[in-house]
Structures are given as structure tokens and as C-alpha cells.
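A quick write-up on the structure given underneath.
Computed over heavy atoms, backbone and side chain alike; hydrogens, waters and symmetry mates excluded. The chains referred to below are lettered A, B, ... by the order of the sequence lines, with proteins before strands, and numbering in each begins at 1.
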Amino acid sequence: MSIKFKKIRGTRDIYGEEFEKLFFIFEKSREIFSKYGYDFILTPAFESKELFEKSTGETTDIVQKEMYVFEDLSGRKLALRPEGTPPVLRAILENNIEIPCKFAYFMNMFRYERPQKGRYREFFQLGAEAVGFKEPYIDLEVLLLAEDLLKNLGIKDYRFEINSVGCISDREKYSKYLRNILKDKINNFCENCKRRYERNPFRIIDCKIDKAKIREIKSLMDFLCDDCRRHHEILINLLEKENFKYVENPLIVRGLDYYTRTAFEIISDRLGAQDALGGGGRYDFLLKDMGGPDSPGIGFAFGVERLMLVMEDIKKKDKALIYVVYVTEKEKDEAIKWVRKIRENNLYADMEWDYRSLKSQMRKANNKGAKWVLIIGEEEIKREKVKLKNMETGEEILTDNPFKFFEK
RNA sequence: GUGGGCGUAGCUCAACCGGUUAGAGCGCUGGACUGUGGCUCCAGAGGUUGGGGGUUCGAGUCCCCUCGCCCACCCCA
């Protein structure tokens, strides 16, 4: 046998235990999100390419080199969504949904990257957006919500890392400062940093190789304007007051252009190099940039596959299987009748549809973990009974009403 | 996009320095047990050694290309 088709790189087939986990996360998250007043939303898998260029940002890696872009037959330039925030905000604006509002989503995303542990080209994100809340109190709620989700999924080894990335003018000031102070030194830095200097100077302070050289460089925190500083201080006070466990990490930059002020990541050390379970932050100017009202927003997303990696296996509780076997083809019709009758009583029944030897049917029942086997042969039909076998004890009973043995 | 490791039966893996018909365990099918699963024993089916090209008398093994998987860099969920 040589299979003709294979799934394409970075995509996955999800079944069995994996599917159970994925669906468990979805069901659990619906419970949690409804406690916090978030409604679920589903948006199209593809949007205009421009939506992401204008919101995620032209300079980001996501837009520059990771988007699945294509033209449809009419020549429209489209993109498979690489992230959830722009489509959800677009939907809020387009449907005239009253702001403030809170939405959650569980959707697949697409990014053209080299696959790695916890990283795929099609993956699921579980996220939320809270639009129209200016004060840091919503930041607190979002963080509490994210942690509530983790706790309810039974995930333990995580930490919240929090930072403020200021507003756009703060970042411009900082960017100018960095370029200035590094102008003469950059040639001594590693190749990565040289590239970062041009594209994204913030990343240089995160460099592991040139750690020593950057010690005297000020952090973005020192460049926050009064409003941004105040926002951050209130949030930190709130977190302390609410006893929320976190660490401040001034190196968090986030790869998206629209973030302002609060930015955070949820890190797990049970993952490989891709150690972020999730991340998020504020985007106070994005709605306006998208042609909407001057409303702030905050959101976050978890990588569902990464959650699955750090979660314990879940035990799926099936109904007890009742397997119906027939001795020869002659009893097949009778077997079908019994399977239907059992299912009508909301019990789990199955049988071998293509005839195989009784031995083979019994083996199948055993392999499937059947609790009961209903045996139908010439003898049973003649006496208008069935033989019921308990697969744990091996005990057999001849009865005309097997239902009294199936405890519900 | 860059670097490293790896592709042999459905699964996990063997096969010396290039040598004859590519093996084992598990799983599967059948039998011992003609109307009965698990345990044991016996037998059987199952392979274009990821694909293509090259070197050689001879390639699973060496070389080149390609596809895929894993890990890391970059970046991110």
C-alpha cells in the first residue's frame, strides 16, 4: 500500500485522545467565559489581506513573511487569518455591536512558519477581546480570567509576565534613544542584533548573547509618559491588592504593532523553546485606526495546542458498550433489531456489520472493551430469548429481557 | 529563511567494513477450542527500505537532489 496523499506540512489530524482534549478545552472555556460575561463569536477563516496589513502591522513578521495570502477568482487579495484580534474587532464594527462589549473565540489560525514543538501552521487559539474599557480594572479582569482558565484546565506550571509598552509616542522616543546610544556600538553586536537594529531595536535588549553590553541601557519603562505610567502603577497596585501572582518583565515587547500600555505573556517551563502558553495586551488606538470609534481595548489568546501539551490526559467516560454478536448470517436481522432497540433506550450498542466468525466477533467485543455481549443464534431465536454474557465475569444468562441487567 | 538530527512492515525498532532471499517484538488474520473474548502454543498475511538520480560486479548502508518528521535560531500562541 502506498498512500497517495499526505497532510501538508505543519497541519495535523486531531482524533482520539487529542480530540477529547481539544473539545474539553472548548467546553470548559465556555463555562469560564460565561461566568465573566464574554459571548463567543466565530468569524470567517479568511479576510481581506489589507485588514491584517493595517491592523496587525506592515512591519510585523506575521504580515511580512508568515501570512497565507491568495487571490480568489475575482482577483480579491485575501489572507487566512493569522490571528484573531483584527477579525473580531472588524466584526464588532461591521455589525454595529454596542461598545463596550466582551467577546471570546476559539478559532483556527494560519501562519507560514517552520513547524516546531508547540508550533504549527494551522493551530487553534482560545482568546478574548474586551472593547471600550479605559481604566486598568479591565486589565485586572482579563488577567484573572486567563488564570481562571488555566486553573480549570488543571494547568499548574505557568507564570504571568507583565510589562507596559507605553503609547506610540513613548515607543518612538525610546526607539530614538536606542538607535542613538547604539549607533557606534552596533557593529560589535551579534548578527541578530544588527538586523534588529534596523527592524525592531526593542528586541536588542532581549538578546542573550550581548547581555553584558546592554546592561547600562535604560528600559522602555523609563520612557513612559505620565498617563501610561499611571495606568501601569494602578494595575500593579490592583494586582498586589488582589494577590495575583506575576512577575514584571520589562523585556516583553510582543510582535504586534498595535499593543499599547499593558502587555503580558503566560509562560510555561514544561514547553520547549516556544514557551508561551499565551499572551495579550492593550490596543488603545486600534479601533480608531480601523475606522471605528476612539475606544480602547484589551485582549489575549492562548495557543490551544500548547495548552494540550502541558495538560494531563483526560479520561473520557463512555457509556458501557453492549456488543451484539450473531452466530451465522441467518441471525443477522435479529441482531440488527437488538442493536436498534438498545440504542432506542439511549444505550451504547454496536455489532459487526460484515459477517465474521463468532470468535472474531467476540474478540472485537473484547478489544472494544464491551461490558456486555448479546449472543444471538438459532437456539435463542427458537426460544425467543437472548444469551447475555458479562465480559468481566464470563457469566452467561439466558433471558427474554436483557434490559434489566443494563444498569443505566 | 538558517542550522542540526532522523525517515526500514499498521506501531516500536534490528540488519557488521557495501555482500546472497531485509528480520524481531507488538498488532492483525486463522488454527489448537467445529456456538464464545482475555492467557498459552502454532501458522499465515503484511515491504518499491519516503521519492528521484548517481557511484559500484553488488546500495537499506556511500554521494547529490527532493519531500516529510523532530529539535533549535528568527519570531510567535
Side-chain angles (χ1 to χ4, degrees), chain A residues 1-12 56 59-66 81-85 105-127 146 190-196 199-200 202-203 206-209 252-256 264-268 271-280 299-310 323 325-328 330-331 356-381 387-396:
Chain A
M1 186 171 59
S2 75
I3 295 162
K4 282 195 179 133
F5 303 104
K6 291 181 156 177
K7 65 181 180 299
I8 58 175
R9 186 163 206 202
T11 64
R12 319 187 307 136
T56 307
T59 66
T60 60
D61 278 12
I62 289 180
V63 167
Q64 277 191 355
K65 52 181 203 187
E66 294 173 5
R81 60 180 165 221
E83 58 145 343
T85 302
Y105 60 84
F106 190 109
M107 303 193 291
N108 50 351
M109 305 293 162
F110 307 85
R111 292 184 199 172
Y112 188 83
E113 295 180 275
R114 287 285 280 265
Q116 213 177 307
K117 189 183 176 81
R119 174 199 277 172
Y120 306 95
R121 287 183 172 180
E122 182 190 16
F123 59 102
F124 286 90
Q125 280 194 342
L126 172 62
C190 68
E191 288 307 311
N192 260 331
C193 285
K194 284 177 195 162
R195 250 178 292 134
R196 286 167 170 152
R199 267 224 332 260
N200 191 355
F202 304 116
R203 281 272 167 209
D206 196 12
C207 183
K208 285 122 205 152
I209 303 163
I252 289 177
V253 181
R254 312 256 67 220
L256 312 172
F264 61 92
E265 284 180 4
I266 301 122
I267 308 296
S268 167
L271 289 168
Q274 309 306 318
D275 60 357
L277 283 170
F300 73 94
F302 283 111
V304 174
E305 286 79 1
R306 292 183 189 175
L307 295 174
M308 287 162 70
L309 280 173
V310 300
Y323 205 76
V325 307
Y326 47 109
V327 179
T328 69
K330 286 193 202 111
E331 294 87 28
R356 303 169 87 182
S357 70
L358 181 62
K359 188 195 198 65
S360 161
Q361 293 182 61
M362 289 299 294
R363 188 158 44 224
K364 185 89 158 264
N366 187 57
N367 289 345
K368 289 190 139 203
K371 188 165 183 197
W372 300 99
V373 168
L374 217 63
I375 303 165
I376 298 161
E378 201 180 0
E379 189 66 14
E380 285 77 10
I381 289 177
K387 194 181 272 177
L388 186 63
K389 178 163 185 168
N390 181 322
M391 291 298 274
E392 278 153 43
T393 63
E395 187 187 0
E396 293 185 1

### Task
Using a heavy-atom cut-off of under 4.0 Å over every strand shown, decide if A:Glu392 touches base, sugar-phosphate, or nothing.
base

### Query
OP1, OP2 of B:U36 versus side-chain N and O of A:Asn366: anything below 4.0 Å?
no

### Query
What integer number of Å spans the C1' atoms of B:C74 and B:G3?
12 Å

### Query
Quantified in whole Å, what is the C1' atom distance between nucleotide B:U56 and nucleotide B:C17?
15 Å

### Query
What's the CZ-C1' distance between A:Phe106 and B:A77, to the nearest Å?
12 Å

### Query
Mind checking who B:C6 pairs with, Watson-Crick or G-U wobble, both distances under 3.5 Å?
B:G68

### Query
When you compare B:C28 with B:C39, how far apart are their P atoms, in angstrom units rounded to a whole number?
10 Å

### Query
Contact class for A:Arg12 vs. all strands (heavy atom < 4.0 Å): base, sugar-phosphate, or nothing?
nothing

### Query
What distance, rounded to whole Å, do you find between the two C1' atoms, one in B:U20 and one in B:G58?
10 Å

### Query
On a whole-Å scale, what distance lies between the P atoms belonging to B:C69 and B:G25?
32 Å

With the criterion being N/O to N/O and under 3.5 Å, what pairs connect the protein with nucleotides 68-72 of chain B, and how long is each?
{"residue": "B:C69", "atom": "OP1", "partner": "A:Gly10", "partner atom": "N", "Å": "3.4"}
{"residue": "B:C69", "atom": "OP2", "partner": "A:Arg9", "partner atom": "NE", "Å": "2.9"}
{"residue": "B:C71", "atom": "OP2", "partner": "A:Lys117", "partner atom": "N", "Å": "2.8"}
{"residue": "B:A72", "atom": "OP1", "partner": "A:Ala273", "partner atom": "N", "Å": "2.9"}
{"residue": "B:A72", "atom": "OP2", "partner": "A:Gln116", "partner atom": "NE2", "Å": "3.3"}

### Message
Using a 4.0 Å heavy-atom cut-off, does A:Glu265 contact any base of the nucleic acid, only the sugar-phosphate backbone, or nothing at all?
### Response
nothing

### Message
For the OG1 atom of A:Thr328 and the CD1 atom of A:Ile376, what is their distance to the nearest 0.5 Å?
### Response
11.0 Å

### Query
Under 4.0 angstrom, heavy atoms only, what part of the nucleic acid is A:Glu305 near: base, sugar-phosphate, or nothing?
nothing

### Message
Categorize A:Ile375 for me: base, sugar-phosphate, or nothing, with a 4.0 angstrom heavy-atom threshold over every strand shown.
### Response
base

### Query
To the side chain of A:Arg363, which of B:G1, B:A77, B:G37 is closest?
B:G37

### Task
Identify which nucleotide among B:U36, B:A77, B:G1 has an atom closest to any side-chain atom of A:Lys387, counting heavy atoms from C-beta outward.
B:U36

### Query
Has the side chain of A:Arg9 got a donor or acceptor atom that lies under 3.5 Å from a matching backbone atom of A:Arg114?
no

### Task
Assess whether one donor atom and one acceptor atom, taken from the side chain of A:Lys389 and the base of B:G37, lie less than 3.5 Å apart.
yes

### Task
May I ask you to decide if A:Lys371's main-chain N or O and A:Glu392's side chain share a donor-acceptor pair within less than 3.5 Å?
no

### Exceeds 12 heavy-atom contacts within 6.0 angstrom, atom CD of A:Glu378
no

#### Entry: C1' spacing across the pair B:A15 / B:U29, given as an integer number of angstrom
27 Å

### Query
Distance-only, no hydrogens or angles: does the A:Glu122 side chain make a donor-acceptor pair with backbone N or O of A:Gly10 under 3.5 Å?
no

### Query
Which part of the nucleic acid, if any, lies within reach of A:Glu380 when heavy atoms closer than 4.0 Å are counted: base, sugar-phosphate only, or nothing?
base

### Task
Remember a base hit wins even if backbone is also touched, and classify A:Ala365 as base, sugar-phosphate or nothing at under 4.0 Å, heavy atoms.
nothing

### Task
For the pair A:Arg121 (side chain) and A:Pro115 (backbone), establish whether a donor and an acceptor sit closer than 3.5 Å, ignoring hydrogens and angles.
no

### Task
Would you indicate, yes or no, if B:G35 has its OP1 or OP2 atom less than 4.0 angstrom from a side-chain nitrogen or oxygen of A:Lys359?
no

### Message
If we ignore hydrogens and angles and just use 3.5 Å, is the side chain of A:Arg306 paired with the main-chain N or O of A:Leu277 as donor and acceptor?
### Response
no

### Query
Has the side chain of A:Glu83 got a donor or acceptor atom that lies under 3.5 Å from a matching backbone atom of A:Met109?
no

### Query
Tell me: CD of A:Glu83 to C1' of B:C75, nearest whole Å?
14 Å

### Task
Look at the side chain of A:Glu396 against the base of B:U36 and say whether a donor-acceptor pair falls under 3.5 Å; ignore hydrogens and angles.
yes

### Task
Report yes if the ring of A:Phe302 lies under 5.5 Å from the six-membered base ring of B:A77 with planes under 30°, and no otherwise.
no

### Query
Taking a pair as Watson-Crick or G-U wobble with both distances under 3.5 Å, which nucleotide is matched to B:U55?
none

### Message
The side chain of A:Lys65 is closest to which nucleotide in this list: B:C74, B:G1, B:A77?
### Response
B:C74

### Message
Taking only the P atom of each, what is the distance from B:G35 to B:U40 in whole angstrom?
### Response
25 Å

#### Entry: Between B:U12 and B:G50 - P atom distance, rounded Å
14 Å

### Query
What is the base-pairing partner of B:C73, counting Watson-Crick and G-U wobble geometry with both distances under 3.5 Å?
B:G1

